[in-house]
Amino acid sequence: MRAAITAWARRNGLALGVLVVTAGAMVWLVGFEPLLPSDSPAQRTQRVATGDSIEQQGSTFEVTKAGFFTRDSDNAVDVPAGYALLGVLLPITPGADAAAEPGTCDIRLVAPRVDGGRGDRTWTTVVNPAQYDYGLSTGTTTYCTFSDDGDKAVFEGVFLVPDDVYDEARVQVTFTAPKAEDFRQSIYLFELPSDPLG
Amino acid sequence: MSRPVLANRPLRILVALALLAVGMFAAATAPSGDDGVPAEFLVRAEPGEVVTTRLLHSRLDGAQIARSVTTTGWRAEQVRTTGRWVVVTLTLQTRDSSEGISSSLLVIDGVEYSSYTGFDGDLSKYGEGPGVAQRGAIAFEVPAAALETSGAEHAEVRLQTQVAPKLDDVPVFTVDLASASRVDDLELPEPELVKALAP
């Protein structure tokens, strides 16, 4: 009996080894790999505390002011009860080694889901804040662009949101690197000032 | 020394045939795309009910039928049809991010009519963020004869965010178009912010 088993193992050992390796790889790919953290090096998220700034492609970014306006605010806006306009000022200051090629970024507002599930709720900027009687500040821009021309720009983002999200909301700024760097994304979550204008 | 069980040739052939039969049975009975396995989940409701699906809170507020639709705004226009416009008033609120419902369908007697996306100010391009509810309308252009069939009494409005949703839930509202009010011209209501349907 022992000799028969040995002979069988000698004949089928290689096939058995391939089977074990293949099955192991399949189990890993199907069962475990999808569960690994998705925050790969290609996409990094960093939190930025209130008052802190970050440097990206030679320019400095920070959230300096925020406003939270409802229909009952001192500076009232024309939205129904339960809603608010959240405005943020984000100055962009080019440094000495700012990239020659003009860069852009994508700015959104995020907050945890109501049901506590994975992922965030996401708001894009209001295209025409004037429809809600919100006046943009003088000299601000609603597009995130920056370059080495030495001019400081101030991005003003306005978001229409439920009136209970301010405390948990963050400004999400996403930079996408050029093709040479595989379009790697850098994501920053700026905390908002605790004392918004209103 | 005892021989291994499978050393018996007839038994080996029998086992191989049995495995082949099992494989053929599995292949023949495996679900395919035609069996509706990856189809959408229809979440049915009546007008006035709030339906919560993965992406949307939605409510159908009413339906009207018109020969022409007039839009407002800076590019106001009147659009006539040789058929009829079915104009459906809705309240929508997204749950995670902005969504559009331009792939919505009106189904009468099993025939699917896509929503008309040529009107400025309709709700098909709904773009507010989560937690913000908006009321407005979308329109479907259908043959007049389709509204005279018995199927018009229980037509379905499917609010789709994708052309061909798979393994996702879709709100479906049953409407009685046979008894819907009919007008010659209907002014398309502009979207307006309304009280949230859900937190």
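First the proteins, then the strands, lettered A, B, ... as listed; each starts at 1.
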Original post:
If every non-hydrogen atom of A/V114 is compared with every non-hydrogen atom of B/P199, which pair is closest and at what distance?
Top reply: CG2-O, 4.0 Å
Subject >> A/R47 atom CZ, neighbour heavy-atom count above 12 within 6.0 Å >> reply: no
Subject >> Test item: B/S98 and A/T124 side chains (from C-beta on) under 4.5 Å apart, heavy atoms >> reply: yes
**OP:** State yes or no: do A/L189 and A/V48 share one hydrophobic cluster built from I, L, V, M, F, W and Y residues joined by side-chain heavy-atom distances below 4.5 Å, directly or via other members?
**Re:** no
Original post:
Are A/V165 and A/I107 connected in a single hydrophobic cluster, I mean Ile/Leu/Val/Met/Phe/Trp/Tyr linked by side-chain heavy atoms less than 4.5 Å apart?
Top reply: yes
Original post:
chain B heavy atoms under 4.5 Å from A/D120: which part of the residue, side chain, backbone, both or neither?
Top reply: backbone
Subject >> Heavy atoms of other groups near A/L29 CG, more than 12 under 6.0 Å >> reply: yes
Original post:
What's the shortest heavy-atom distance between B/P130 and A/P162, and which atoms?
Top reply: O-CD, 3.7 Å
Original post:
chain B heavy atoms under 4.5 Å from A/V110: which part of the residue, side chain, backbone, both or neither?
Top reply: neither
Original post:
Should B/V170 and B/I108 be counted in the same cluster of Ile, Leu, Val, Met, Phe, Trp and Tyr side chains packed under 4.5 Å apart?
Top reply: no
Original post:
Between A/D115 and B/R95, is any pair of side-chain heavy atoms under 4.5 Å apart?
Top reply: yes
**OP:** Measure from the side-chain N and O atoms of A/Y83 to the backbone N and O of B/L193, and report whether any donor-acceptor pair falls under 3.5 Å.
**Re:** no
Original post:
Given the rule that I, L, V, M, F, W and Y join up when any side-chain heavy atoms are under 4.5 Å apart, are B/V88 and B/V111 in one cluster?
Top reply: yes
